[in-house]
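Both backbone and side-chain heavy atoms feed into the values below; hydrogens, waters and symmetry mates do not. The structure displayed is predicted, hence computed values, not measured ones.
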Amino acid sequence: MGKIVLIYTGGTVGMRENPQTGALEAVDFGELLPMLGELGKMRLEFETVTFNPPLDSCNVGPETWKQIAEEIIARYDSADGFVVLHGTDTMAYSASALSFMLDHLSKPVIFTGSQLPIGRPRTDGKENLISAVEIAAARDGDGHALVPEVCICFNSQLLRGNRSVKVNATGFDAFSSPNYPPLATAGISIKYNTGLIHHPSEPGRPLEIHTTLDTRVSVLKVHPGITEQAVRDILLGTGTRAVIIETYGSGNAISKAWFLSIIREAVKMGKILVNITQCLSGDVDMDIYATGRALKDAGVISGHDATTESALGKLFFLMGGHPDNHEVKALLEKNLKGEISK
């Protein structure tokens, strides 16, 4: 029998209605397992870990990611896979960050959750969880994990964690991976796209976790009418080491003199500026238009086809391990965990 560890951080999937007030309240996830009789047919052993207190995903952050990583490494040798139950609002951020924090990962870490609690008649939680567990337990003919990476399993799709974004606030199709195909699709059976799955570059090395994160990152979304003061406050703030600039189209922004002057000043200060497109899909190419070329010439780095969620997690991770910004910039251009197509 294989062993799967269920880590409940919080979120809708593990909530139950209070019979007195009618309000949804998070409970110890172990109390909900009897409602999931389908899991008993899988011939698996389960261990449940419930955060105390469970967190609304809006309150999830780097400390939560560290705790998840520590729970995983503490049980890594005895488990075959991990399923992280998580609220949907920040799930893509967490899955992205964990993909960088868990080094030499050779076992599945599958994030999932739901839009409706497991106890509700029309819940999507049961299907999401059962599929996530089956994927976490799946092995090839040699006994190796089929999906040894951090993923999101939602609405019958298995998506690479650091390629995922939340795209729907109310529908069951809450997540998408616009720039990378699904790793698997759950229908009557689960069909794996094995050629797309990321495997550790050095098989056999023990898992390492990196929990030193530098969170001095801001996000600037370029928009019509953006003011000089707003750009100055974000790009030149003393508490900011890096800025993700969400640009138009293929990496374009306004070409006004004041804007480019602030960009150059920020680069001169040593700040890391990363260009991420606001579009759901597509790539940043700062050589296509003059406005993009101006950003490149000023010292802005291309984020290629990374998501904002992935770029944020990657920056936290790299900056936490490298005090030299030149090293961080060089590593940002590299595909570390399948997060960019370069």
* To do: Run the numbers on E45 and I4 for side chain to side chain contact (heavy atoms under 4.5 Å, CB included), then give the verdict.
  => CA-CA 6 Å; E45 177 188 352; I4 302 298; over 6 Å; no
Starting at [atom1] of [X], measure out to [atom2] of [Y] and round the result to the nearest 0.5 Å.
| X | Y | atom1 | atom2 | result |
| --- | --- | --- | --- | --- |
| L85 | T112 | CG | OG1 | 7.0 Å |
| F175 | Q157 | CZ | CD | 13.0 Å |
| Y180 | N193 | OH | CG | 9.0 Å |
| S310 | L336 | OG | CG | 9.0 Å |
| I110 | I7 | CD1 | CD1 | 12.0 Å |

Checking [X] now: which residues fulfil salt bridge (charged side-chain N to carboxylate O under 4.0 Å, His left out) with it, not counting sequence neighbours?
| X | answer |
| --- | --- |
| K107 | none |
| E265 | R232 |
| K191 | none |

Are [X] and [Y] close enough that some pair of their side-chain heavy atoms sits under 4.5 Å apart?
| X | Y | result |
| --- | --- | --- |
| I152 | H86 | no |
| V150 | V109 | yes |
| I135 | C153 | yes |
| M319 | V217 | yes |
| K3 | L44 | no |

* Charged N-O contact under 4.0 Å between E149 and K337 ->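 Looking at K337 together with E149, the answer is no, because their closest N to O distance does not fall below 4.0 Å.
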* Asked: Can we say E333 and K329 salt-bridge, meaning some charged N sits less than 4.0 Å from an Asp/Glu carboxylate O?
  ->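 Salt bridge between E333 and K329, a charged N being under 4.0 Å from a carboxylate O: no.
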* **Given T50, V49, V133, V84, the one that forms side-chain contact (heavy atoms from CB on, under 4.5 Å) with L6** =>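 Exactly one candidate clears the test, V133.
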* Asked: Relative to the ring of Y76, is the ring of F82 parallel (under 30°), tilted (30 to 60°) or perpendicular (over 60°)?
  ->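 The arrangement is parallel - the two ring planes meet at less than 30°.
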* Asked: With under 30° as parallel and over 60° as perpendicular, where do the rings of F316 and W65 fit, or are they tilted in between?
  ->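 Tilted: the ring planes of F316 and W65 meet at 30° to 60°.
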* side chain to side chain contact (heavy atoms under 4.5 Å, CB included) between E127 and F172: does it pass, once the steps are laid out? -> CA-CA 11 Å; E127 181 180 341; F172 289 157; over 6 Å; no
* To do: Give the C-alpha distance, both sets of side-chain angles, the deciding distance and a yes or no for side chain to side chain donor-acceptor pair (under 3.5 Å) between N128 and S114.
  => CA-CA 7 Å; N128 288 344; S114 66; 5.9 Å; no
Tell me whether [X] contacts the main-chain N or O of [Y] through its side chain, where contact means a donor paired with an acceptor under 3.5 Å.
| X | Y | answer |
| --- | --- | --- |
| S94 | M91 | no |
| D142 | H144 | no |
| D124 | L116 | yes |
| S255 | T291 | no |
| D324 | V328 | no |
| N162 | S99 | no |
| Q115 | G171 | yes |
| K166 | A92 | no |
| T123 | P117 | yes |
| Q278 | E246 | yes |

* Test log, rule side chain to side chain donor-acceptor pair (under 3.5 Å), inputs T307 and Y93 -> CA-CA 10 Å; T307 64; Y93 288 96; over 6 Å; no
* To do: Could you please spell out the steps behind the salt bridge (Lys or Arg N to Asp or Glu O under 4.0 Å) verdict for E70 and K66?
  => CA-CA 6 Å; E70 288 164 355; K66 293 177 188 178; over 6 Å; no
* Single-linkage hydrophobic cluster I68~L102, side-chain heavy atoms < 4.5 angstrom ->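 Looking at the clustering, L102 is in the same group as I68.
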* Asked: L260: which other cluster members, linking ILVMFWY side chains closer than 4.5 Å, directly or transitively?
  ->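 When side chains under 4.5 Å apart are linked, the cluster holding L260 also contains L220, V222, I226, V231, I234, L235, L236, V243, I245, Y248, I254, W258, F259, I262, I263, V267, M269, L273, V284, M286, L295, V300.
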* Fellow cluster residues of Y289, listed by chain then number, with links counted only when side-chain atoms sit under 4.5 Å apart ->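 Other cluster members: I288.
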* To do: Please report the C-alpha distance between R163 and S341 in whole Å, then the side-chain angles of each, then the deciding distance to 0.1 Å, and finally whether the side chain to side chain contact (heavy atoms under 4.5 Å, CB included) criterion is met.
  => CA-CA 10 Å; R163 292 286 194 151; S341 298; 3.1 Å; yes
* Asked: In chain order, what residues pass the side chain to side chain donor-acceptor pair (under 3.5 Å) check against R205, with sequence neighbours excluded?
  ->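 If we apply the side chain to side chain donor-acceptor pair (under 3.5 Å) test to R205, skipping adjacent residues, the hits are H104, E202, E208.
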* Between L312 and I244, does a side chain to side chain contact (heavy atoms under 4.5 Å, CB included) hold up when you go through it step by step? -> CA-CA 8 Å; L312 189 76; I244 297 168; 4.1 Å; yes
